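The shown structure was predicted, so the numbers you read here are calculated from the model rather than taken from an experiment.
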Amino acid sequence: GAYTSLSATRDQLWAARDASLLHVAADVGQLGRWRALHLADGEVGPSEMIRQRLGPRIAVLASCGSAAALDEEGWGSIAAALLESGTAAVIATDRSVDDSEALSLMRDFYAQLDWRTDPPRALARVQALAAGVAASSNATTQVGAWAAFSVLERPPAVAASSLSSRPQ
């Protein structure tokens, strides 16, 4: 990203396959009819992420439109590909965000003691604080930045036995 001297590469992405945290601050663009991460050594789309089984426990995509898809079903997003690959929780954006505002929000997120154990609650707390600051200063751009981030999670596994015991 703009605030680091490290360039994200495909090898680094695949090395995070089973990591507890994957944090990506890279451009997201279009690759055919899907979204793709633009890394220093090429683009990575959702289907490649799924084939490579990129499934860290938590993924933070501080990238513009990382939760947005171009297809009607929503499966062409980077966030959806990570969930399909086994990631438990993905923090992603549904639109463009300013790099400095995303950085500020992410710093506040990682400062929360429970970000590893309860990412939705940690993000909500940071967003509530950012909303309060924005409201008191009439800073509409800050509102757009914090509001763009959301947490997507894999649904809990349902045992086959509980499906057969449902009332008809």
Side-chain angles (χ1 to χ4, degrees), residues 1-71 73-127 130 145-157:
Y3 295 95
T4 181
S5 59
L6 300 174
S7 295
T9 65
R10 298 165 64 82
D11 285 343
Q12 290 170 328
L13 190 65
W14 306 142
R17 180 175 288 113
D18 298 317
S20 60
L21 171 68
L22 168 65
H23 182 106
V24 178
D27 289 334
V28 172
Q30 188 171 342
L31 180 63
R33 59 182 283 237
W34 309 109
R35 294 285 190 178
L37 284 175
H38 294 290
L39 302 178
D41 58 350
E43 298 177 328
V44 177
S47 60
E48 187 176 2
M49 290 178 176
I50 293 168
R51 273 194 317 275
Q52 290 284 340
R53 293 193 168 107
L54 181 62
R57 193 175 72 76
I58 299 172
V60 177
L61 303 173
S63 305
C64 297
S66 52
L70 301 173
D71 61 316
E73 297 82 19
W75 288 109
S77 77
I78 303 301
L82 287 164
L83 292 172
E84 178 69 22
S85 293
T87 300
V90 179
I91 296 175
T93 62
D94 61 4
R95 59 184 167 273
S96 295
V97 292
D98 179 78
D99 286 345
S100 62
E101 292 173 2
L103 177 63
S104 177
L105 188 80
M106 289 295 95
R107 282 185 175 152
D108 291 345
F109 171 74
Y110 288 122
Q112 303 300 305
L113 297 177
D114 60 348
W115 73 264
R116 286 179 184 88
T117 57
D118 196 351
R121 189 175 310 272
L123 182 63
R125 190 179 311 109
V126 169
Q127 288 173 316
W146 67 258
F149 284 85
S150 59
V151 179
L152 297 93
E153 293 185 302
R154 290 181 61 83

field: Any donor-acceptor N/O pair, Ser63 side chain to Asp27 backbone, under 3.5 Å
entry: no
- request: Please answer whether the main-chain N or O of Ser100 pairs with a side-chain N or O of Ser104 as donor and acceptor at a distance below 3.5 Å.
  value: no
Considering all heavy atoms of both residues, which atom of [X] and which atom of [Y] are nearest to each other, and what is their separation?
X: Glu43; Y: Ala36; result: CB-CB, 4.3 Å
X: Trp34; Y: Gly76; result: CE3-CA, 2.9 Å
X: Thr87; Y: Leu83; result: O-CD2, 3.4 Å
X: Ala130; Y: Trp146; result: CB-CD1, 3.8 Å
X: Phe149; Y: Ala102; result: CZ-CB, 4.0 Å
X: Ser77; Y: Ala68; result: CB-O, 3.2 Å

Name each donor-acceptor pair under 3.5 Å that joins a side chain in residues 44-61 to protein atoms two or more places apart or in another chain, with its distance.
| from | atom 1 | to | atom 2 | distance (Å) |
| --- | --- | --- | --- | --- |
| Glu48 | OE1 | Arg10 | NH1 | 3.4 |
| Glu48 | OE1 | Arg10 | NH2 | 3.1 |
| Glu48 | OE2 | Arg10 | NH2 | 2.2 |
| Gln52 | OE1 | Arg17 | NH2 | 2.7 |
| Arg57 | NH1 | Arg116 | O | 3.3 |
| Arg57 | NH2 | Arg116 | O | 2.7 |

Please round to the nearest 0.5 Å and tell me the distance separating atom [atom1] of [X] and atom [atom2] of [Y].
X: Ser66; Y: Leu37; atom1: OG; atom2: CG; value: 8.0 Å
X: Gln127; Y: Ser150; atom1: CD; atom2: OG; value: 8.0 Å
X: Asp99; Y: Met106; atom1: CG; atom2: CE; value: 12.5 Å
X: Ile91; Y: Leu22; atom1: CD1; atom2: CG; value: 11.5 Å

task: Over 60° means perpendicular and under 30° means parallel, so classify the ring planes of His23 and Tyr110, tilted if in between.
output: tilted
message: Please evaluate residues Leu152 and Leu82 with respect to the criterion side chain to side chain contact (heavy atoms under 4.5 Å, CB included), reporting the C-alpha separation (whole Å), side-chain torsions for both, the decisive distance (0.1 Å), and the verdict.
response: CA-CA 10 Å; Leu152 297 93; Leu82 287 164; over 6 Å; no
query: Sequence neighbours excluded, which residues qualify as side-chain hydrogen bond (donor to acceptor under 3.5 Å, both in side chains) partners of Asp118?
result: Arg121
side-chain hydrogen bond (donor to acceptor under 3.5 Å, both in side chains) involving Asp41 - partner list, sequence neighbours excluded: none
query: Does the side chain of Gln12 reach to within under 4.5 Å of the side chain of Leu39, using non-hydrogen atoms?
result: no
- request: Answer whether the closest heavy-atom distance between the side chains of Ile78 and Val90 falls below 4.5 Å.
  value: no
- prompt: Do Thr9 and Asp11 get their side chains close enough for a donor-acceptor pair, meaning under 3.5 Å?
  reply: no
